[in-house]
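Just so it is clear: chains get the letters A, B, ... in the order the sequence lines come, proteins before strands, and each one is counted from 1.
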Number of protein chains: 2
Amino acid sequence: MSRVLNNSKHVSEELKERVLSVVEETNFKPNLLARGLVNKKTNLIGVLIPRISNNFFSQLIEGINEVAENYGYNILLSTSYNNLQKELEYLNIFVDRQLDGIILAVTDFSDQHKSFFEKTTIPTVFMGQQLDKGKYPYVTIDNVKASCEATRFLINQKHQKIAILAGPDFDIATGDNRLQGYLEALKEANLPINPRWQTRRYHTIEDGYQAAAQIMSQQERPTAIFACSDQQALGAINYLHEHGYDVPGDISVVGFDDIDLASVFKPKLTTIKQNPVDIGTTAARLLIDQIKERPIPFKGNYIPFRLVVRESTKSWNDVEKPNYNQ
Amino acid sequence: MSRVLNNSKHVSEELKERVLSVVEETNFKPNLLARGLVNKKTNLIGVLIPRISNNFFSQLIEGINEVAENYGYNILLSTSYNNLQKELEYLNIFVDRQLDGIILAVTDFSDQHKSFFEKTTIPTVFMGQQLDKGKYPYVTIDNVKASCEATRFLINQKHQKIAILAGPDFDIATGDNRLQGYLEALKEANLPINPRWQTRRYHTIEDGYQAAAQIMSQQERPTAIFACSDQQALGAINYLHEHGYDVPGDISVVGFDDIDLASVFKPKLTTIKQNPVDIGTTAARLLIDQIKERPIPFKGNYIPFRLVVRESTKSWNDVEKPNYNQ
DNA sequence: CTGTTAGCGCGTTCAA
DNA sequence: TTGAACGCGCTAACAG
């Protein structure tokens with residue numbers, strides 16, 4: 001029976017047919033739990049992300065789902081809400097449930113993470129950033145480079161006073177890395193670096209609004225803002241509009257991600273376009289390669305990005321200098 | 001051993017401690033597959049939705065996840081992309097994997113669905129609409145009522161020519177039901193019903209744009225548009241802006257869902273606010289009640305909604321009648 | 001109260 | 001080539 005269903009060799013045609021007809025008649029379904037118990041395989045991939053209701057992450061999942069489906073895997077989904085304890089809890093659940101692999105978008109990489117991944121042998125792929133010096137396979141865009149490019153673009157547009165709304169403190173990718181790219185671009189152009197034009201906040205509209213408020217309430221104001229997420233960019237623009245600034249007339253704003261609505265928003269957002277679905281599919285393929293013990297070509301897989309120039313930015317040469325901007 | 005771990009009665013303190021200390025030392029983890037094989041329980045809930053990268057659905061999942069977590073369940077996530085075959089495929093996988101329960105957001109309810117659910121005994125809760133005359137437990141907002149309320153609001157605003165951008169043909173909730181509510185409100189007010197002011201399309205920005213194009217290219221144009229999703233509303237406004245209409249100056253637009261960005265968009269969207277997280281938590285609780293064989297009070301659970309009036313609508317009395325609107 | 005054993009439904013091994 | 005027995009790791013039932 002088992003031999004027929006699993007396409008073993010050395011089975012006579014006759015027996016095969018006989019078994020299959022009985023299978024058909026009795027509507028027999030193999031018990032996947034029992035099978036898993038013997039095979040030590042569950043055909044289940046654990047996906048752990050900070051939150052689902054963020055377009056970026058949900059698109060990652062769509063990508064993962066697409067290839068997982070093709071290979072007969074299903075997805076066990078969990079969300080950490082950026083909570084370290086929860087994250088480790090779920091990782092342990094993944095182990096207990098004997099999942100075949102894990103795809104993970106962490107923000108922070110603590111010592112506890114480290115010791116966890118040293119202990120476990122479950123194939124794992126990280127998304128969103130390189131971790132522990134590239135010890136584990138990962139898929140991401142090059143955040144430093146992307147951020148550098150966005151900043152350079154503003155510099156080419158003759159902006160000299162550029163603020164950045166980076167991700168929260170613990171977030172390496174959208175915080176540290178993107179801040180780094182921004183600083184590199186500024187240094188490269190010999191522009192002054194002003195710590196007061198740098199904020200580290202969550203990627204929400206509200207936080208973007210607050211960040212803009214904080215930056216614009218200072219004596220010296222920037223002429224351009226580079227927000228490390230479209231959400232923060234939208235929040236910032238909202239603040240600017242409410243306080244009488246025109247975008248891009250008075251201030252240019254660049255976002256990050258190119259969410260659905262970035263091109264519908266007024267003004268249409270200039271932003272770095274990531275392709276999260278690609279990140280997801282690549283991560284899933286990498287994971288399945290690992291599960292099947294195929295050699296992995298590269299630990300680090302960088303997914304292309306590109307700057308999409310729309311209407312929220314303007315060359316500083318072209319704007320009539322407003323008098324409230326000293 | 002088993003008795004200790006499962007908190008059976010009649011275990012001496014001494015044995016308990018002895019066992020637990022060994023468990024501690026050897027870092028013993030029970031094999032959940034073997035346990036499931038015996039207990040016929042997986043502590044896994046299958047969630048099947050049309051797509052993840054839609055804020056409405058991802059919030060549903062967040063709600064489900066929240067209560068599932070509290071009860072020790074994990075989520076097996078699948079997406080149907082509104083594809084009937086895929087949907088049935090996944091439902092069968094859910095059965096094969098012996099999930100403890102299913103939460104499902106279908107758009108269509110075919111005969112194949114029907115026969116599937118007549119055969120299976122897995123506890124199931126539907127989200128988004130009542131199905132098969134309320135035979136199965138479901139959680140939703142009252143789409144007819146909500147749509148009626150939105151339309152009534154426009155009527156109270158003195159609009160007489162009101163168009164509707166409804167959901168796709170096969171979609172009962174955002175298509176049929178919302179169209180029905182719209183029609184009821186019009187009849188109630190003795191307003192003319194114009195089939196040319198009704199479209200049935202997907203809930204995307206692009207489709208909203210196209211729908212608006214279709215409606216506004218006619219001889220007689222409406223003065224208000226009720227879009228059955230914020231996405232369509234945004235697309236419609238985009239079209240209107242591009243073609244010289246002011247919103248709400250020339251045309252009022254009402255949306256549906258109150259997505260994140262509805263309040264940031266210009267003009268801020270008047271829309272029906274659903275609470276998808278509540279729908280998710282309620283569905284999950286209902287499902288767990290069913291799994292634990294607790295009696296379910298109501299098959300139908302209606303989650304409240306409310307109309308949020310912002311800036312995309314205006315009383316028709318207050319607008320200067322433009323000459324292009326005959 | 002506790003040690004032992006049967007059996008959950010598979011895949012695999014060992015004879016035949 | 002194939003049938004039968006064994007064991008995956010657990011829980012439940014049965015003795016003791």
> Just checking A:Lys29: base, sugar-phosphate only, or nothing, at a heavy-atom cut-off of under 4.0 Å?
Replying inline: sugar-phosphate
Using the side chain to side chain donor-acceptor pair (under 3.5 Å) criterion, which residues pair with [X]? Sequence neighbours excluded.
| X | result |
| --- | --- |
| B:Asn70 | none |
| B:Glu87 | B:Ser80, B:His113 |
| B:Thr124 | none |
| A:Gln59 | A:Asn55 |

Check the distance between [N]'s [atom2] and [X]'s [atom1] and give it to me in whole angstrom.
| X | N | atom1 | atom2 | value |
| --- | --- | --- | --- | --- |
| A:Leu33 | D:dG9 | CG | P | 15 Å |
| A:Asn31 | C:dG11 | CG | C1' | 13 Å |
| A:Leu37 | C:dC8 | CG | C1' | 9 Å |
| B:Phe28 | D:dG9 | CZ | C1' | 8 Å |
| B:Lys41 | D:dA12 | NZ | C1' | 14 Å |
| A:Leu5 | C:dC10 | CG | P | 9 Å |
| B:Gln98 | C:dC10 | CD | C1' | 12 Å |

Pull out every protein N or O sitting under 3.5 Å from an N or O of nucleotides 12-16 of chain C, one pair per line with the distance.
unit_1 : atom_1 : unit_2 : atom_2 : d
C:dT13 : O4     : A:Arg3 : NH1    : 3.0

> When you measure from every atom of DNA chain D, which of residues 11-23 of chain A have a heavy atom less than 4.0 Å away?
Replying inline: A:Val11, A:Ser12, A:Leu15
Can I get a per-line list of side-chain donor-acceptor pairs under 3.5 Å for residues 37-50 of chain A, giving both atom names and the distance, sequence neighbours left out?
unit_1  : atom_1 : unit_2   : atom_2 : d
A:Thr42 : OG1    : A:Gln98  : O      : 3.0
A:Thr42 : OG1    : A:Asp100 : OD1    : 3.3

> Would one find a side-chain N or O of A:Lys40 under 4.0 angstrom from OP1 or OP2 of D:dG9?
Replying inline: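 Answer yes for this pair, as a side-chain N or O of A:Lys40 is under 4.0 Å from OP1 or OP2.
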>> Suppose we screen for ring-ring contact (aromatic ring centres under 6.0 Å, His included). Which residues come up paired with A:Tyr73, at least two apart in sequence or across chains?
In response: none
> In chain order, what residues pass the ring-ring contact (aromatic ring centres under 6.0 Å, His included) check against B:Tyr136, with sequence neighbours excluded?
Replying inline: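 Scan of B:Tyr136 (ring-ring contact (aromatic ring centres under 6.0 Å, His included), adjacent residues dropped) gives B:Phe117, B:Phe126.
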>> A:Lys86: which residues meet the salt bridge (charged side-chain N to carboxylate O under 4.0 Å, His left out) condition with it, sequence neighbours left out?
In response: B:Glu69
Kindly list each side-chain donor-acceptor pair under 3.5 angstrom involving residues 12-19 of chain B, sequence neighbours excluded, with atom names and distances?
unit_1  : atom_1 : unit_2  : atom_2 : d
B:Ser12 : OG     : B:Leu15 : N      : 3.2
B:Glu14 : OE2    : B:Arg18 : NE     : 3.2

> Do any N or O atoms from the side chain of A:Asn54 and from the backbone of A:Phe56 form a donor-acceptor pair under 3.5 angstrom?
Replying inline: yes
>> Quick check on the helix from C:dC1-D:dG16 to C:dA16-D:dT1: what's the angle between its two end axes, five base pairs per end, to the nearest 10°?
In response: 50°
> What's the verdict on side-chain hydrogen bond (donor to acceptor under 3.5 Å, both in side chains) for A:Asn65 and B:Thr79, showing C-alpha distance, side-chain angles and the deciding distance?
Replying inline: CA-CA 8 Å; A:Asn65 190 51; B:Thr79 43; 2.8 Å; yes
